[in-house]
Amino acid sequence: MSNSHRTASGGRIDRTRSVTFTFNGKSYQGCAGDTLASALLANGVHLVARSFKYHRPRGILSAGSEEPSALIQLERGGHTEPNLRATQIELYEGLSAASQNAWPNVNFDVGAVNGLLSKIFVAGFYYKTFMHPQSLWMKLYEPLIRHAAGLGKAPKEPDPDRYDKMHVHCDVLVVGAGPAGLTAALAAARTGARVILADEQNELGGSLLTSGETVDGLPAASWIAKIEAELAACPEIRVLRRTTAAGYYDHNHLTLTERRTDHLPRGAAPHLSRQRLWNVRAKRVVLATGGHERPLVFADNDRPGIMLAGAVRTYVNRYGVTPGKRAVLLTNNDSAYAAALDMQAAGIAIAAIVDVRTAVNGPLAAKARAAGITVLENRAVVATEGGKRLTSVDVMPLAADGGGVVGMARTSIACDLLAMSGGWNPAVHLYSQSTGKLRYDEAAACFVPHKATQALHCAGTCNGRFALPDCLAEGVAAGTEAAREAGFTADAPLPVPRAEADAEEPLRPLWVVPSTQLVGRGSGKHFVDFQNDVTAADVLLASREGYQSVEHLKRYTTMGMGTDQGKTSNVNALAILAQSLSAPIPQVGTTTFRPPYTPVVFGALAGRDVGELADPARVTPMHRWHVENGAVFEDVGQWKRPWYFPRAGESMHDAVNRECRAVRNGVGVLDASTLGKIDIQGPDAAILLNRMYTNAWSKLDVGRCRYGVMCKEEGMVIDDGVTTRLGPNHFLMTTTTSNAAKVLDWLEEYLQTEWPDLRVHLTSVTEHWSTASIAGPKARDVVAALAPDLDLSADAFPFMAMKEAVVAGVPARIFRISFTGELSYEINVPAYHGLRLWTEIMKAGAPHGVTPYGTETMHVLRAEKGYIIVGQETDGTVTPQDLGMDWIVSKQKADFVGKRSFTRQDTSRADRKQLVGLLTQDPTMVLPEGAQITAQAGGTVPIPMLGYVTSSYWSETMGRSIALALIAGGSRMIGQTVHAPLADKNVACAVVKPVFYDPEGVRLHG
Amino acid sequence: MLLIHCPWCGPRDEIEFAYGGEAHRVRPADPSALSDAEWADFLFLRANPKGVHRERWVHAHGCRRWFNVERHTVTHEILRVYPPGAAAEPDAAVAEAQPPQASQQGVRS
Ligand SMILES: [Zn+2]
């Protein structure tokens, strides 16, 4: 292994296992245990991205999930995934990655010209630059922005991977497996509590993997291994590695995304789902999520080679990588000194530590000085040089108040690495998602958890306690307490592991590091949000323009709106805003933290609910016959219903016309099994029907059927159907196919909450019965052949009656009801006899030319009769009176659901939209459904709209087109002419009564 | 996602339930006796408090029973679960019907 920037030894990588990968088409070598970022740095590659707006060269800033710059398009084809952070991609053999947002490539990017136009890309540039003229928006600005604004590319192919969902409960969920999380998990798990420990990294240890500190006298790695072993021995522990807690929701519900195969070559583990989305409900949560280091905001702080000091320490100690040969550190706190010492030990020459604090005399500074490192106090980096890689920094002394520099003399220091530290932010993202309140800690200059609103504990750095001994102690305390609250205690308390930490000097917040020019003047850019190219000047400009709420600032500048959600930028931005307003930082506050913590792939959210499993398909017992006989299906809710049955060479139009002719002139059969069926039993069943339907039910004889319309309290129709009295206390209600569940719920709600005294029970029997509807002048002949013992004469078995009989050898209920206007029998048999019933009907009907028909023919035939379909002629704003169905609204009943509303002002208006029929002047013209109706042809816009077409068909029976429409005051417009203005022409129509065929109903009584 | 304690089935995820709006709104015994304004109030006007709200839920994908919930609309803390028809204020019977763990969701740390 020959990497130009690899240490001779050390780190958590496996130097014996070389891994080959490609980046931007070039082949490189890394080690097992590397991330893509560490492997690139080991090869001396810093330039990995172009920035979003200015296309400036960008390197790798961090070593973790907070990375704003090094965004990667990983793999190609169906496996491709955009916007991944190079710092989180585990290296595997054959990995192929590319830069984003650069064209033609990251080394020569045409978009970099944007950097020269930077004056137009200031805060709010979307709103300012592209305002006028409006006509240019669609043609020029939007395509321009879309082209320029792309991050990664979404895959065009289907996702080849499989994803799973897990649902679990636990006593204690610990998020984060650093020193605080490990001790919390162990303290909780040894009580016997059911514990889940989740960490986003491939191995446990968190910051200890970077710092390598000694715990309980053991080197960090050995201590981690010991705790892992102790955890594994606990009875109820589940450790989830490579698992990110993405969201913290109500009542301690968290979602975790576990990456199971992302660290393996693509397709290498086909037996595993790629990711799992865990839905965890925890009695208690311990957040040990650590923290993020803040960048410092100084002029041109974004060149490749400028990194966070803690990240450099991680690359050195954990990955055996030296990200530079000669480094400068810029800091406002002590943590950079520990980094400098480790960097020096790894062979990086430390040119200087530039510290903005006036006097630095703590133990860490003493150690650095003892190691021969130059410490430049009260100084700042005021400029940086280098195109695609840092070459030098300029350093100047700071004025006493930190608001400017002293003199004009600069010291230039050659370096290829600048490691910076602006202090640390606790990673309070999950805590804040849980709606916990934050407090601003002046000493540490960061927001820390203050008042939790859910059952959780924060521990360690997440809680604002940065030193290792504190992390270990808080972990033990939080884990013990969380388990106790969940009802578990250990026989003996877990002793707090021993560790030591150097005392740290106070931090000096210097939110904008000054230079010789004011922020925004000159060519230097002080980047705050590296991903969205938001600078300190943008924040100040937004503030001057009145965007002084942090939420407004965010939206105006796009600060913190990238895929990183501002993990490295938010606190710097709001502090600069506060400074500009001369307001205390807590008064400005933070923006709202929202899930997910890091992006979640759509596949994980979908899980197995894709393709055929996205939604259940319901099929009737006759379905196989329909498939075998070439039915074209229509989705009605979840049901697959035959739409029409085309014969060879037939178009849909041909098939529907043939089916219509068959029903009107001979006999047709429809699979009506999907109609909702509710079995209603109990002494008060008729009372319930009386209250829920608009018409009266008490006097309905046993064996008789009645049509009913159901309304809501505000008087609007919600369903209709035929209900049959099977016995004195027993009814069978049918509902529309798609409303079956809704109607059952509706009845149950009233039964349980308004009238619990009613003795009625409701049962859905939709799937208990198969239904075939035989319709047409020859229907009686077919039924007679199937049920030879049944008297089918009109006297013995009249319209709207029900008989029980044996049909085709099967016990059946036969309902003489009709939705076509023809003589019609609906035969119900127990569901498992459905296919047999159907095939027997086809056999017995063959001599009569029985024709299977689908929902389209059903729709045409019912429209010819003016029968409404709920959801087509109604939309929740239509009363029975609007439908011309006053006849079904009882005047005698004192009360029923909806009755009072029929005398409301709104329902009494004369200009309500009412159901009418429309006949186009041109009989061959079929109006589009939804077409608007006007009184006049043409005229000055806006033209008043009278209503719209609800149903429109070619009626083969009538030999012309027909339509139903809802038109304002329509019932008084019969005979008048109205107009349907279409895109290409105006269609004149006559308003007619909404019954086109057999208005006297002679045929269905036949 | 809320964790709701169905009085009949115990604690279940919110996705199993459907929301039914403000509780303790009884359908008038004789709607015809109401003025238009009174009827409109019954139909359309509901409380929308910032704080404790008494509301109806139904365990739609479980036992399909309706019940009442006392929920804080800011914190989503569920203070009490009780059967329909029970009084709005706690009485002995209702306190007994309250699932023992219903109060755990509000514990502060
Ligand atoms: Zn239940």
So which part of [X] gets closer than 4.5 Å to some heavy atom of chain A, the side chain, the backbone, both or neither?
| X | result |
| --- | --- |
| B:D13 | both |
| B:R64 | both |
| B:V26 | both |
| B:L2 | both |
| B:A29 | backbone |
| B:F67 | neither |
| B:W66 | both |

> So, does A:E749 use its side chain to make a donor-acceptor pair with the main chain of B:G20 at under 3.5 Å?
Replying inline: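 No, because the side chain of A:E749 does not come within donor-acceptor range (under 3.5 Å) of the backbone of B:G20.
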> Can you tell me how far the OG1 atom of A:T453 sits from the NE2 atom of B:H76, to the nearest 0.5 Å?
Replying inline: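 It is 10.0 Å, given to the nearest 0.5 Å.
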> Measuring from A:D250:CG to B:R71:CZ, what's the distance to the nearest 0.5 Å?
Replying inline: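 A:D250 atom CG to B:R71 atom CZ measures 8.5 Å (nearest 0.5 Å).
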>> Would you say that more than 12 heavy atoms from the other residues, nucleotides or ligands in this model lie under 6.0 Å from the NZ of A:K891, or not?
In response: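 Yes, the 6.0 Å shell around NZ holds more than 12 heavy atoms from other groups.
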> Within a reach of under 6.0 Å around CZ of A:R194, are more than 12 heavy atoms found that belong to other residues, nucleotides or ligands?
Replying inline: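 Incorrect, the count does not exceed 12.
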Considering only heavy atoms and a distance below 4.5 Å, find which of [options] pairs most often with chain B.
| options | value |
| --- | --- |
| A:E713, A:K712, A:Q905, A:R281 | A:R281 |
| A:H253, A:R904, A:Q752 | A:Q752 |
| A:S901, A:A478, A:A741 | A:S901 |

>> Quick test of your reading of the model: are A:R900 and B:D36 salt-bridged, counting only N-O distances below 4.0 Å?
In response: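 Salt bridge flag = yes for B:D36 with A:R900.
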>> So that I can tick it off, tell me whether A:D895 and B:R27 are bridged by a salt bridge, with the cut-off set at under 4.0 angstrom between side-chain N and carboxylate O.
In response: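 Yes, B:R27 and A:D895 are salt-bridged.
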>> Show the nearest heavy-atom pair for residues A:H251 and B:M1, with the distance to one decimal.
In response: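 Heavy atoms of A:H251 and B:M1 come nearest at CB-O, 4.2 Å.
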>> Can you tell me which portion of A:Y248 sits under 4.5 Å from chain B's heavy atoms? Options are side chain, backbone, both or neither.
In response: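 For A:Y248, there is no contact with chain B at all, as no heavy atom is under 4.5 Å.
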